[in-house]
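Everything below concerns the one structure shown next.
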Amino acid sequence: MLFSLRPDYADDPPLAELVGRLRDYLDGELAAYERDHAVTPETPITRALLEPVWQRSRELGFYGIQLSPELGGQGLPYRQLAALKEEVAASGRVLGHSVLGEMGGPLRVGDIIAAATPDQLDRYFLPVVRGERACCFSLTETDAGSDVRAMRTTAVRDGDGYRLTGRKVFSSAGPVADFAIVIALMAGTEKTYSAFLVDLDSPGCQVLPGATPMSGEHIESDIVLTDCPVPAANLLGREGDGLLLGLGRVNVNRLLHCPSVLGMARRAIQLTLERVRTRTVAGAPLAELQTVQHKLADMATSYYAARAMTHAALSALDGGTVPRLEAFMCKLQVAESAFRILDEAVQLHGKEGLTQGEEVEFLFRKVRMFRILTGTSEIQRNGIARLLLREPAFGSSSS
């Protein structure tokens with residue numbers, strides 16, 4: 001696709017129709033809902049605030065749109081889902097995370113839903129798809145982020161069930177969730193991990209306010225488990241499948257987070273273009289300065305290159321290929337490119353770029369987090385180098 005800050009997707013009419021309807025909702029009804037409720041990025045999220053967005057988004061066909069028709073979705077391919085995710089982020093809507101189901105909804109569950117039993121589908125996941133329940137994913141611990149195998153949350157077999165003990169942090173959507181997907185180490189083992197569906201109102205389970213990230217959003221919780229009983233029916237997959245399920249989810253999310261960050265970068269470029277066209281210095285618009293023009297050229301080129309990489313990898317994923325190397329590359333390139341774009345956007349906004357309450361200042365803080373979230377840039381480089389050195393075809397040329 002050629003460069004555009006407002007893609008028309010003319011080569012894909014069904015996607016063009018979806019994007020058009022999504023833009024109408026984001027810029028119209030959802031924008032009005034946020035104004036009526038005085039929503040800002042720092043507004044604490046509550047069920048009362050989010051449930052109307054979940055339900056309306058479901059009515060419009062966006063909530064869980066990537067799921068198969070049997071599960072209530074439209075079976076949207078990853079590349080088309082990425083286009084929608086970018087549009088949501090580029091709209092600047094604070095509650096955009098609830099339109100496709102990222103905040104406690106079907107996108108928060110991700111591909112883990114494939115491991116659910118029929119009973120788990122009925123009790124947990126289909127209510128999430130319908131916007132009736134919400135979930136969070138609990139993998140990270142204070143000293144077990146990039147090194148997930150350092151986790152200390154343990155599961156002890158107890159009769160026909162389990163008891164879980166530990167503390168999970170950065171459980172996004174925790175403040176509105178009914179249950180958590182918890183990854184724990186099986187007691188008495190060194191590297192056997194399992195996944196459990198934990199009702200957050202269970203005895204021995206506390207949901208505490210999580211740390212506030214630099215974005216200022218109140219969307220995180222700590223999940224504290226103290227000898228928390230979990231029935232055997234709530235084991236997700238088999239014992240020992242925990243990291244496979246958890247990290248498999250992370251691998252796909254590594255790519256699926258990229259379009260959202262690209263959307264924020266795109267929004268920043270749009271805001272910056274408006275700023276330099278209207279801000280005058282010495283009687284002339286900033287846009288007439290060649291130094292400013294060069295910054296704009298670099299910002300747009302970086303966005304376009306990172307976007308092209310991401311869509312190429314997503315197309316491969318849709319075709320049945322798991323682009324492991326390319327996923328690391330996309331996460332690295334998108335994170336670093338978006339950060340540079342936002343840094344320049346702040347610079348070109350001047351005092352306004354440094355002022356809390358201004359959109360570009362919030363975007364800078366939020367995009368900065370992506371160089372760490374879902375794996376630091378250093379972790380991505382480690383993964384790229386490991387795969388290059390492991391696979392001769394990646395590291396050598398042929399005549």
Side-chain angles (χ1 to χ4, degrees), residues 5-7 15 18-19 22-23 25-27 30 41 45 50 53 57 62-66 76-111 137 170 172-173 213-217 219-220 249-271 302-314 317 327 329-342 345 359-360 362-375 377 380:
L5 292 177
R6 193 173 174 84
L15 178 59
L18 274 176
V19 168
L22 179 61
R23 286 173 177 163
Y25 174 53
L26 294 168
D27 297 338
L30 186 57
I45 61 169
L50 298 192
V53 182
S57 299
F62 297 121
Y63 202 70
I65 194 171
Q66 83 285 357
L76 206 68
Y78 285 117
R79 185 174 172 275
Q80 292 187 351
L81 175 62
L84 299 188
K85 284 171 65 70
E86 183 178 332
E87 289 300 321
V88 169
S91 73
R93 296 279 70 78
V94 175
L95 300 181
H97 51 51
S98 291
V99 174
L100 300 174
E102 289 181 280
M103 189 54 61
L107 273 181
R108 177 62 49 185
V109 174
D111 291 343
F137 183 75
F170 279 102
S172 299
M214 66 186 296
S215 65
E217 298 166 291
I219 61 174
E220 309 290 348
R249 176 185 180 278
V250 169
N251 287 335
V252 174
N253 278 2
R254 182 176 289 127
L255 272 177
L256 286 181
H257 277 306
C258 290
S260 296
V261 178
L262 288 167
M264 288 185 279
R266 180 176 127 194
R267 176 71 174 168
I269 295 172
Q270 292 171 322
L271 292 171
S302 293
Y303 159 77
Y304 183 49
R307 188 178 192 275
M309 285 178 62
T310 300
H311 277 262
L314 288 166
L317 192 60
M329 289 176 167
C330 289
K331 169 59 168 69
L332 175 64
Q333 187 69 16
V334 170
E336 298 297 326
S337 296
F339 175 71
R340 290 192 297 270
I341 289 169
L342 262 298
E359 187 175 359
V360 74
F362 166 71
L363 286 171
F364 175 81
R365 287 185 281 122
K366 186 157 186 175
V367 163
R368 176 60 183 87
M369 292 166 56
F370 192 63
R371 295 173 68 200
I372 294 175
L373 297 178
T374 68
S377 290
Q380 310 311 312

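What's counted below: heavy atoms across the whole structure, side chains too, no hydrogens, waters or symmetry copies.
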Response to the item:
In short, Ala313 meets Leu255 closest at the heavy-atom pair CB-CD2, 3.8 Å
Discussion item. Set out, in order, the CA-CA distance, both residues' side-chain angles and the distance that settles side-chain contact (heavy atoms from CB on, under 4.5 Å) for Met309 and Cys258, then state yes or no.
Written reply: CA-CA 10 Å; Met309 285 178 62; Cys258 290; over 6 Å; no
Worksheet item: Under 30°, 30 to 60°, or over 60°: which ring-plane class applies to Tyr25 and Phe62, parallel, tilted or perpendicular?
Response: parallel
Item to complete: State, without any angle test, whether Gln380 and Arg254 hold a side-chain donor-acceptor pair at a distance under 3.5 Å.
Response: yes
Practice prompt. Answer yes or no: is there a donor N or O on one side and an acceptor on the other, between the side chain of Lys366 and the main chain of Gly216, under 3.5 Å?
Written response: no
Practice prompt. Starting from the C-alpha separation in whole Å, work towards a yes-or-no answer on side-chain contact (heavy atoms from CB on, under 4.5 Å) for Met103 and Ile45.
Written response: CA-CA 10 Å; Met103 189 54 61; Ile45 61 169; 3.9 Å; yes
Worksheet entry | Minimum heavy-atom distance Val360-Leu271, with the two atoms named | N-CD1, 4.4 Å
Discussion item. Is there a side-chain contact between Val252 and Tyr78 in this structure, where contact means two heavy atoms from C-beta onward sitting under 4.5 Å apart?
Written reply: yes
Worksheet item: Can you check whether Lys331 reaches His257 side chain to side chain, under 4.5 Å on heavy atoms?
Response: no
Fill in: Nearest heavy-atom neighbours spanning Glu86 and Tyr303
OE2-OH, 2.6 Å
Worksheet entry | Atom pair CG/OG of Leu342 and Ser337 - distance to nearest 0.5 Å | 11.5 Å
Discussion item. Could you report the tightest heavy-atom contact between Pro213 and Met369, atom names first, then the distance?
Written reply: CB-CE, 3.5 Å
Item to complete: Could I get the full list of side-chain contact (heavy atoms from CB on, under 4.5 Å) partners for Ile372, not counting sequence neighbours?
Response: Arg368, Thr376
Discussion item. If you apply the rule side-chain contact (heavy atoms from CB on, under 4.5 Å), what do you find for Leu314 with Leu256, and how did you get there?
Written reply: CA-CA 8 Å; Leu314 288 166; Leu256 286 181; 4.1 Å; yes
Fill in: Lys85 side, atom NZ; Leu100 side, atom CG - distance, nearest 0.5 Å
7.0 Å
Worksheet, complete the sentence: So CZ of Arg371 and CG of Leu332: to nearest 0.5 Å the spacing works out to 9.5 Å
Practice prompt. Would you mind reporting whether Pro259 and His311 have side-chain heavy atoms less than 4.5 Å apart?
Written response: no
Worksheet entry | Minimum-distance pair of heavy atoms, taken over all atoms of Ala90 and Arg267 | O-CD, 3.2 Å
Worksheet item: What distance separates Gln333 CD from Ser377 OG, expressed to the nearest 0.5 Å?
Response: 10.0 Å
Worksheet entry | From Leu76 atom CG to Ile65 atom CD1, the distance as rounded to the nearest 0.5 Å | 5.0 Å
Worksheet, complete the sentence: Output for pair (Glu217 CD, Ser172 OG), nearest 0.5 Å, gives 9.0 Å
Worksheet entry | Arg108 and His97: CA distance, side-chain angles, deciding distance, side-chain contact (heavy atoms from CB on, under 4.5 Å) verdict | CA-CA 10 Å; Arg108 177 62 49 185; His97 51 51; over 6 Å; no
